[in-house]
Amino acid sequence: MADKIISIEEQTGAFQAIFQRVMRMVPDRDREDKRLQRLIAFRLKIDGEAAISEYLIKKIKAAIKCS
C-alpha cells in the first residue's frame with residue numbers, strides 16, 4: 001500500500017508547478033494539511049488540472065453559500 005502514496009516532496013518539474021498552482025486555490029488555513037495535499041496530488045495525477053480546479057471551485061462556492 002505504501003507504493004500508492006504520492007510523495008509530494010519527491011515530485012518535480014511540471015507536476016510541482018501545476019500542484020502549486022492548484023494549491024493556491026485552497027484556503028490559507030488548509031494549505032499545510034498533508035492529507036489534503038496528498039489527496040489533491042492524487043486527484044491531480046488521475047484527473048488532471050482542469051478537473052481538480054473545477055472541483056475546488058465548486059466546493060469553494062458551496063462553502064461560501066453555506067457560511
Side-chain angles (χ1 to χ4, degrees):
M1 174 132 168
D3 60 331
K4 293 183 181 184
I5 294 175
I6 297 173
S7 177
I8 302 158
E9 295 81 13
E10 293 177 8
Q11 300 296 319
T12 59
F15 179 81
Q16 190 67 11
I18 294 169
F19 177 75
Q20 292 300 323
R21 197 167 41 237
V22 170
M23 284 304 293
R24 283 190 217 122
M25 297 173 65
V26 175
D28 293 336
R29 67 179 184 271
D30 298 325
R31 283 192 185 147
E32 298 304 318
D33 184 358
K34 284 295 183 189
R35 291 183 296 171
L36 178 61
Q37 289 178 2
R38 287 187 180 115
L39 174 64
I40 289 175
F42 175 76
R43 294 312 317 173
L44 190 58
K45 285 247 188 212
I46 301 296
D47 298 331
E49 182 181 7
I52 192 70
S53 295
E54 183 179 328
Y55 174 78
L56 286 173
I57 289 170
K58 282 183 189 178
K59 289 298 183 181
I60 291 168
K61 285 180 180 178
I64 291 170
K65 276 186 177 180
C66 288
S67 60

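Atoms considered below: every heavy atom in the structure, side chains included; atoms not considered: hydrogens, waters and symmetry mates. Nothing here was measured: the structure is a model prediction, and the numbers come from that model.
- A single hydrophobic cluster is seen to contain both Phe19 and Leu36, as judged by linkage of ILVMFWY side chains at heavy-atom distances under 4.5 Å, directly or through other members.
- Looking at Ile52 and Asp47, their side chains never come closer than 4.5 Å, going by heavy atoms from C-beta outward.
- Taken from CD in Gln20 to CZ in Phe15, the straight-line distance is 10.0 Å, to the nearest 0.5 Å.
- Residue Ile60 is not grouped with residue Val26 when hydrophobic side chains (ILVMFWY) are merged at heavy-atom distances under 4.5 angstrom, including chains of intermediate members.
- The CG atom of Asp28 lies 4.5 Å from the CZ atom of Arg31; values are rounded to the nearest 0.5 Å.
- Expressed to the nearest 0.5 Å, how far NZ of Lys45 lies from CD1 of Ile18 amounts to 10.0 Å.
- Side-chain contact between Lys61 and Ile64: absent, with no pair of heavy atoms (C-beta onward) separated by less than 4.5 Å.
- Between the CZ atom in Arg38 and the CZ atom in Arg35 there is a gap of 10.0 Å [rounded to 0.5 Å].
- Note that the CD atom of Gln16 and the CE atom of Met23 stand 10.5 Å from one another [nearest 0.5 Å].
- Summarising the geometry, atom CZ belonging to Arg21 is positioned 9.5 Å from atom CG belonging to Leu44; distances are rounded to the nearest 0.5 Å.
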